[in-house]
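Worksheet: the structure to be examined is printed underneath.
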Amino acid sequence: MVRFQSVLSLVACSASHVLSYTNLPEVPPGVFNVSAHVEITSTVDAAWDALTNLPRYPDWNPFVRSALAISATNLTLPDQRPVENVRLFFRVQIPPLDLPVNRYTPDNPLHTQFAYDNVTHVQRDLGRLAWSYQAVDALLAAERWQAVSDIGGGKILYESREVYSGALASTLKALMGAGLQEAFESQGAGLKLLLEEGLN
Ligand SMILES: *[C@@H]1O[C@H](CO)[C@@H](O)[C@H](O)[C@H]1NC(C)=O
Ligand SMILES: *[C@@H]1O[C@H](CO)[C@@H](O)[C@H](O)[C@H]1NC(C)=O
Ligand SMILES: *[C@@H]1O[C@H](CO)[C@@H](O)[C@H](O)[C@H]1NC(C)=O
């Protein structure tokens with residue numbers, strides 16, 4: 001871990017503004033993807049806590065307004081953190097709400113969507129989280145990865161990327177691609193606000 005982080009800082013310094021480093025895994029390209037990356041003055045621990053504390057999402061996240069860890073029979077689980085193979089039930093805004101948000105910020109009903117995903121990876125050592133969506137008929141599949149990395153100088157890099165595939169993906173791109181991209185960037189900006197300035 002220590003060696004990993006010092007290599008990271010080296011890359012970050014020598015690359016200055018060029019983003020040559022990523023902590024997201026290689027995945028097949030799919031039909032399209034949306035992504036965001038933002039540097040935040042904070043720690044990996046603080047970012048990890050924010051991303052895995054689902055009940056606090058409404059306090060800062062302009063995209064995912066609610067995330068609930070649920071059982072296979074749709075019961076709310078006592079442990080509201082992402083755990084591999086647990087299902088998540090999301091209420092999202094696409095495009096996102098304007099920042100800043102808090103838990104009392106009303107949804108725009110026209111932009112509200114619901115989704116069920118399965119948590120596929122919780123890799124605390126690597127600072128990575130993933131969940132995926134699979135339509136029953138396989139017409140649409142999506143996998144979202146998020147990663148946090150120490151880039152030295154008191155900063156971390158937050159990255160998020162979702163790859164969409166399947167026969168309906170191009171339709172989704174046409175209908176919602178721009179809104180999804182905005183939502184991913186806005187979640188990054190919301191996380192930065194939370195970690196650098198505290199709760200709204
Ligand atoms: C995401 O989309 C960009 C731009 O189209 C593409 O260059 C990149 O390879 C894609 N990445 C993944 C993992 O799908
Ligand atoms: C699962 O629970 C959520 C939240 O209580 C509810 O909104 C949703 O409709 C339920 N879904 C099913 C398939 O029962
Ligand atoms: C989640 O995983 C279960 C069990 O593997 C599967 O039946 C279900 O279709 C998956 N749901 C989603 C939304 O990917």
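Since we're looking at a predicted model, the values are computed, not measured. In each ligand, atom 1 is the first atom listed, and ligand 1 is the first ligand listed.
- A donor-acceptor contact closer than 3.5 angstrom is absent between the side chains of Q187 and S160.
- Closest protein heavy atom to atom 6 (C) of ligand 1: N33 ND2, 4.1 Å.
- Here R91 pairs with D107 in a salt bridge; the nearest charged N to carboxylate O distance falls below 4.0 Å.
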task: For Y116 and Y133, run ring-ring contact (aromatic ring centres under 6.0 Å, His included): C-alpha distance rounded to whole Å, both residues' side-chain angles, the deciding distance at 0.1 Å, then the answer.
output: CA-CA 7 Å; Y116 288 96; Y133 169 81; 9.1 Å; no

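- Closer than 4.0 Å to atom 14 (O) of ligand 1 lies at least one heavy atom of the protein.
- Set against the non-hydrogen atoms of V163, the atoms of ligand 1 under 4.0 Å away are 13 (C), 14 (O).
- Protein heavy atoms are found less than 4.0 angstrom from atom 11 (N) of ligand 1.
- A 4.5 Å side-chain heavy-atom check between T22 and R161 finds every atom pair outside the cut-off.
- Atom 1 (C) of ligand 1 lies below 4.0 Å from at least one non-hydrogen atom of the protein.
- The R161 neighbourhood of ligand 1 comprises atoms 13 (C), with distances under 4.0 Å to a heavy atom of that residue.
- No side-chain heavy atom of K155 sits less than 4.5 Å from a side-chain heavy atom of I40.
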